[in-house]
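See below for the structure under consideration.
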Amino acid sequence: MLLAKLRTHYSTQVNPEEIGDEKVSLAGWVHEVRDLGGICFVVLRDREGKAQVTLVKKKIDRELFNFARKLIRESIISVTGTVKPEEKAPNGYELIPETIELLNEAESPLPMDTTGKVDAELDTRLDSRFMDLRREKTHAVFRIRHEVLKAVRTFLSDNGFLETSTPKVVATATEGGTALFPITYFDREAFLNQSPQLFKQILMSGGMDRVFEIGPIFRAEEHDTRRHLNEATSIDIEASFMDHFDVMEILEEMIAFVYSEVKKNAAKFLENLEIELNVPKTPFLKLPYSEAIEIVNANSDEKLVWGDDLSTLAEHTIGEYVFQTTGEEHYFIIDWPSEIKPFYALPYENDPEISKSFDLMHRTMELSSGAQRVHQYDLLKTRIENQGLDPDGFEFYLKTFRYGMPPHAGWGMGCERLVMTMLGTENIRDVVLFPRDRKRLSP
RNA sequence: GUCCGAAUAGUGUAGAGGCCUAUCAUGGAGCCCUGUCGAGGCUCCGACCCGGGUUCGAAUCCCGGUUCGGGCGCCA
């Protein structure tokens, strides 16, 4: 790894036996200063961990000793010195400093505690997210998120998917259902995209065959829950010559792969969060919509009729039922009524009341939805009209269905929800660096 | 949007009309201390969201506002 002059090693890279008498430089934050009188410990924290800098009054320059014991917490320092094995110190060594350079002093008092001694509320933490990120538990969440995205990229790339980027500034709504953020695009009205749906389908006509995208989506819904964001990260795929069962298999195998990769590569961070991760077993249960509403009617006070969408309570009822009967947290609900799915979901030819669509559910919430898509121009145009949308606004999309559009299928999944359900996080904002919700626009 | 709840030092909290000159922890300032690792000991510092009202008396009760949290809705 490339490191610079101010820092020759991360705190976790120092092995006293290998280093010998060689000088090392560590750089980071003053995590704590423990002044015992004749001996003083400065705990330096960097991204990877902590290191103990030990100063014995009698053995060290008096000026350096007094300087060290007066360091203000969370200031930035670079320490150069020699390494001594010490079982009691973090990572099995302590650093005997020759120089301590104060690169930037922190103000005091701090806006919140970084050591884990005193809790802070989520709102306080988000107001000072930079400082919250210095806490071990918060850092762990984003290291795991990194592993999740890395595993997604690896899995999809290895299965022939090409990573793409599509516009976030668009002229038309994707599905009509959700509210959009309007913006000014020079002298025209435009919107922030709610989903890459139309563009990834266009890429199927373009012969890209299998694509994925990991990118932001924007929804202007004024929702106020622990599981919604107005700016979220969507993991989307689209694949030609596949049906909904094919892409469900990709999805379930990907989830299992992501879990096992996180378990393998982020063990330390799972431990920080006190999480024992269970890799879900594949294939996942595929529960037809019609059976799902029967489960709701039999196991709760809610009475649903065929054609109703599932309420939050209904999702919980089904999630608990599936978990109690199978022991698994992930399952699909398949064969949804065509009417409550978007225009691009393909109805069954022999039973057009239901569509080749699915939702991937976690015990606690919906994670993903997908379908085999309508690839026939006439049917697609009719379905757009039937949903009260104007086909003229979709011409850039519809056009691609007239000149050789293969049958295709795909899904989109909320990245935050994947991380959230994996970690059992109570609030989705916990797994976003700088969440955008109904109330928060800064930082 | 709607219903419920909350707001006390930098942070997290105790508090049920007079016990509040407001508790505890953490933190900050200072002193003591040579093996700490959530170090320990002593001293000090620092707060009742805003505006009205009830009352002899309000952190506490009432009304309005603001902000935050949660359920539902909308949505993924």
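Residue numbering restarts at 1 for every chain, and letters A, B, ... go by the order of the sequence lines. Computation of the quantities below employed the complete heavy-atom set of this structure, encompassing side-chain atoms and omitting hydrogens, waters and symmetry-equivalent molecules. Everything quoted here is computed from the prediction, not taken from an experiment.
Of the residues in residues 304-316 of chain A, A:S311, A:T312 come within less than 4.0 Å of RNA chain B through at least one heavy atom, sorted by number. Listed by residue number, the members of residues 116-141 of chain A with any heavy atom below 4.0 angstrom from RNA chain B are A:K117, A:V118, A:D119, A:A120, A:E121, A:D123, A:T124. Residues of residues 26-43 of chain A having a heavy atom closer than 4.0 Å to RNA chain B, listed by number: A:E32, A:R34, A:D35, A:L36, A:G37, A:G38, A:I39, A:F41.
Remark: A:K341 pairs with A:D359 by the side chain to side chain donor-acceptor pair (under 3.5 Å) rule, at least two apart or across chains. Residues satisfying the ring-ring contact (aromatic ring centres under 6.0 Å, His included) criterion with A:F257, sequence neighbours excluded, are A:F155. Partners of A:E86 according to the side chain to side chain donor-acceptor pair (under 3.5 Å) rule, which considers only residues two or more places apart in sequence or in another chain, do not exist here. Listed by chain and residue number, nothing satisfies the ring-ring contact (aromatic ring centres under 6.0 Å, His included) test with A:F41 (two or more places apart in sequence, or in another chain). Not counting sequence neighbours, A:F181 has no partner by the ring-ring contact (aromatic ring centres under 6.0 Å, His included) test.
Here B:G38 presents its C1' atom at 11 Å from CZ of A:R73, a figure rounded to the nearest Å.
On the P atoms, B:C61 is 33 Å away from B:G27, given to the nearest whole Å. Taking atom P in both B:A9 and B:C50, the straight-line distance is 10 Å, to the nearest Å. Spacing between B:G15 and B:A25 at atom C1', rounded to whole Å, works out to 16 Å. Taking the P atoms as reference points, B:U8 lies 14 Å from B:A47, given to the whole Å. To the nearest whole angstrom, the two C1' atoms, one in B:C42 and one in B:C19, are 28 Å apart.
Residue pairs satisfying the side-chain hydrogen bond (donor to acceptor under 3.5 Å, both in side chains) criterion with at least one member in residues 60-69 of chain A, sequence neighbours excluded, are listed as follows: A:D35-A:R69.
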Can I get a per-line list of side-chain donor-acceptor pairs under 3.5 Å for residues 288-298 of chain A, giving both atom names and the distance, sequence neighbours left out?
residue	atom	partner	partner atom	Å
A:Y289	OH	A:G307	N	2.9
A:Y289	OH	A:D308	N	3.1
A:Y289	OH	A:D308	O	2.6
A:N297	OD1	A:L304	N	2.6
A:N297	ND2	A:I293	O	3.4
A:N297	ND2	A:L304	O	2.9

For residues 16-30 of chain A, run the donor-acceptor check on the side chains, cut-off 3.5 Å, and write out each pair with its distance to 0.1 Å, sequence neighbours left out.
residue	atom	partner	partner atom	Å
A:K23	NZ	A:E98	OE1	3.1
A:S25	OG	A:T80	OG1	2.8

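Taking 4.0 angstrom as the limit, A:R219 places none of its side-chain polar atoms (N or O) nearer than this to OP1 or OP2 of B:C74.
With a 3.5 Å ceiling on both atom-pair distances, B:A14 lacks any Watson-Crick or G-U wobble partner.
Judged by closest nucleotide on RNA chain B, A:M112 is the one of A:M112 and A:S369 placed further toward the 5' end.
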Check nucleotides 43-49 of chain B for protein N or O atoms closer than 3.5 Å to its own N or O atoms and list the pairs.
none

